[in-house]
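Inspection log for the structure reproduced underneath, given as structure tokens.
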Amino acid sequence: MRAYSLLHPRLGLRWKFPLLLGALLLFTVTVLSLLVLSGIRSNQQQQTEQLLLRQSDLMQMRIQQAYLSGERLSPSLFMQRRAAELAVDLGASSNMRVIVYDRNGELRGDSLPLARRSDVSAAMRYALQGQTAYITEGSNVLYLTPVYGADQLLGVIQLHLSIAEQQQFYHNMLMLCLWTGAAVLACSFLIGWLYIHRQTRDIHTLMTEARAIAHGQYPDERHALLKRSDELGELGDSITEMGSMIEQSMNLLEQEKLQLQQAVTKLSALEQLQKAFIGNISHELKTPATSIQSYADLLGMYGDDPELVREASSSISSEIRRLIELIEDSIRLSLLDKYDFELHPKQVQLNDLIEEAAARTRGKATSAGIALDVKLDQPVQLLADPKHLMHILLNLLDNAVKYNLPQHGWITVQSQLHDETVQIRMSSSGPAIPADQQELVFEPYTTLSQNRSRASSGTGLGLPLARRLAQRMNGNLYIESSDEHSNVFVLSMPLY
């Protein structure tokens, strides 16, 4: 289907409306003109008939008077003797041409005998039968009426009345109506065109704005599209409001799209991490299981060796504890993702808790050749779950021992007050964690070490669990900028 523009020279509103307005006004003027002209014609005809009727009545009285007052003659003889005289007298008194006929239709008198006579035979038959008839010829009306004397027909008189002035007046009125109609048409078209020009201009503005919105260019809601208070102004405000709403919706969609892309990227990364975790945890589970199986086989073969039994019992017990800790960490992290752990917050002496965690780790650090130093600030009280807080501290110290230098390593634990929080800073020697991977270590199943030996690698569950426990207690756990040969973990907790 072909779409026409509002500015189309033949079909646009700019031309349709003025033409329609002009046509309506022209129709109105035409109807009024026809009514006026019809009234004029009817009035002229009525005035002519009344004039002719009065004149014919006066003439008939004059003829009757002449017929009855003079010598008693027959109608034919009276008309023969007196018709010519009467025609001249009547013509002079009425200022009309008067022709007199006898009762047989013979011409007996004419006030203008030299003037041309018209054929009135058809009207004469009506007049001789006692009826009035008239004929219109050009600008003249021929009026024939019977004349009676006493109780008998004397003859017929014919009156000639000029209606040229009436016809000229009618013609002038007709031309006035035509010129008035033309002027009304021209003025209405011009006024309509000027009026609709502004409307179509504003409509074109609205269409342009709608197309701009369709192409992603949204109007400024602070500025009115049209400075008018009618329906088009309201429509412009609605288009502006609609454009603003569409812009907001598009922005929200873009944000959701970006979030979705980020989620997809994160899911892909998690999938890779999960695969790595499966490999790690498979190794972690396989190593103690293999050790337990080996000792079980040795016990089966050399069960009578007390030293072997003691060594195997100790190793099996240690590996089982390791398996249990691994399983508990996995379950705890899984539950923490779905459910809230029940907290038991109470007043905690932070320095005592740090000293206890350091004491529980010091033997492991000493055996690995690592110096553990604790530098605490003034005593600090926290409102926290001591069990969960101890789990965080032990996890950080255990990682600091596990990923430290093989010789001459060190670990330093410090506490510092900052406004309404206390920061436990745990620095350690060893390979620094790259800046782009510092947040990655807090994702589940992530381990940066490529060595899967029991001594140096974990399952990637400890740090994510520690951070989430800290967040549950309104704290935070993060890595501060490190140099090339050290790492600094910071646990920030609110004061009591």
Side-chain angles (χ1 to χ4, degrees), residues 36-175:
V36 170
L37 293 175
S38 176
I40 292 173
R41 184 182 293 275
S42 176
N43 182 262
Q44 288 179 342
Q45 184 177 359
Q46 185 178 4
Q47 289 181 352
T48 300
E49 290 178 353
Q50 290 177 354
L51 176 62
L52 291 172
L53 181 60
R54 287 195 303 269
Q55 292 296 330
S56 64
D57 290 342
L58 292 173
M59 291 178 185
Q60 186 167 184
M61 290 175 59
R62 179 76 178 275
I63 293 174
Q64 285 180 349
Q65 184 180 7
Y67 176 71
L68 296 176
S69 62
E71 183 181 359
R72 299 292 293 181
L73 299 174
S74 64
S76 298
L77 185 59
F78 175 77
M79 285 295 182
Q80 184 178 0
R81 292 181 180 181
R82 301 289 304 274
E85 177 187 354
L86 290 173
V88 173
D89 291 341
L90 294 175
S93 62
S94 64
N95 199 24
M96 296 182 186
R97 183 184 180 184
V98 180
I99 302 175
V100 180
Y101 299 92
D102 61 14
R103 60 190 302 172
N104 296 320
E106 296 293 333
L107 177 64
R108 293 303 180 181
D110 189 349
S111 62
L112 297 175
L114 299 180
R116 185 183 67 85
R117 295 189 182 91
S118 301
D119 183 13
V120 294
S121 56
M124 182 63 69
R125 286 195 296 271
Y126 287 96
L128 292 176
Q129 295 177 2
Q131 300 178 3
T132 299
Y134 65 88
I135 302 172
T136 301
E137 290 186 346
S139 59
N140 293 315
V141 175
L142 309 181
Y143 185 84
L144 287 84
T145 183
V147 180
Y148 293 91
D151 57 353
Q152 56 184 336
L153 180 66
L154 295 179
V156 175
I157 57 174
Q158 175 181 332
L159 305 181
H160 287 235
L161 176 64
S162 175
I163 57 173
E165 292 183 359
Q166 295 181 354
Q167 290 179 339
Q168 183 62 39
F169 177 75
Y170 182 85
H171 180 265
N172 292 339
M173 292 300 298
L174 177 61
M175 295 305 297

Does Ser42 use its side chain to pair, donor to acceptor, with the backbone of Ser38 at less than 3.5 Å?
no
So, does Asn104 use its side chain to make a donor-acceptor pair with the main chain of Glu106 at under 3.5 Å?
no
Nearest-0.5 Å distance, CG of residue Leu37 to NE2 of residue His171
11.0 Å
Less than 4.5 Å apart, any side-chain heavy atom of Arg108 and any of Tyr101?
no
Backbone N or O of Asp110 within a donor-acceptor pair of the Arg97 side chain at under 3.5 Å?
no
Using every non-hydrogen atom in the two residues, find where Gly149 and Gln64 come nearest and quote the distance to one decimal.
CA-CG, 4.3 Å
Kindly compute the distance separating OG (Ser111) from CG (Leu90), expressed to the nearest 0.5 Å.
8.5 Å
Do the side-chain N and O atoms of Ser139 and Gln167 include a donor-acceptor pair separated by under 3.5 angstrom?
no
Nearest 0.5 Å, what's the CG-CD1 distance between Leu51 and Ile163?
12.0 Å
Got Ser76 and Asp102 here, is their nearest side-chain heavy-atom distance under 4.5 Å?
no
Can you tell me how far apart CD1 (Ile135) and CD (Glu137) are? Round to the nearest 0.5 Å.
6.5 Å
By side-chain contact (heavy atoms from CB on, under 4.5 Å), Leu52 pairs with (sequence neighbours left out) Thr48, Met96, Val141, Tyr143, Leu159, Leu161
Does any part of the side chain of Leu144, heavy atoms only, come nearer than 4.5 Å to the side chain of Thr132, both counted from C-beta?
no
Taking all heavy atoms of Gly109 and all of Ala87, pick out the closest pair and write down the distance.
C-CB, 3.7 Å
As an exercise, state the distance from CZ of Arg117 to NE2 of His160, rounded to the nearest 0.5 Å.
9.0 Å
Can you confirm whether the side chains of Arg41 and Tyr170 place a donor and an acceptor under 3.5 Å from each other?
yes
So, for Pro75 and Leu153, which heavy atoms are closest and what is the spacing to 0.1 Å?
CB-O, 3.9 Å
Looking at side-chain heavy atoms only, is the closest gap between Val156 and Val100 below 4.5 Å?
no
I want to check something: taking the side chain as every heavy atom from C-beta on, are Leu154 and Tyr148 in contact at a cut-off of under 4.5 Å?
no
Tell me, yes or no, whether the heavy-atom count around Asn95 atom CG, taken from other residues, nucleotides or ligands under 6.0 Å, exceeds 12.
no
Under the criterion side chain to side chain contact (heavy atoms under 4.5 Å, CB included), which of Gln158, Met59, Gln55 is the partner of Val98?
Met59
Ignoring hydrogens and angles, state whether a donor on the side chain of Gln152 or Tyr67 is under 3.5 Å from an acceptor on the partner side chain.
yes
Could you state the interatomic distance from CD1 (Ile99) to CG (Leu142), rounded to the nearest 0.5 Å?
8.0 Å
So if I apply the side-chain hydrogen bond (donor to acceptor under 3.5 Å, both in side chains) rule between Asn43 and each of Gln47, Gln46, Gln45, which one comes out positive?
Gln47
Any side-chain heavy-atom pair from Phe78 and Leu86 closer than 4.5 angstrom?
yes
Taking side chain as C-beta onward, heavy atoms only, is Glu165 less than 4.5 Å from Gln168?
no
Enclosure of Tyr126 OH (heavy-atom neighbours >12, cutoff 6.0 Å)
no
Does Arg62 form a side chain to side chain contact (heavy atoms under 4.5 Å, CB included) with Asp89? I'd like the steps, not just the answer.
CA-CA 10 Å; Arg62 179 76 178 275; Asp89 291 341; 3.9 Å; yes
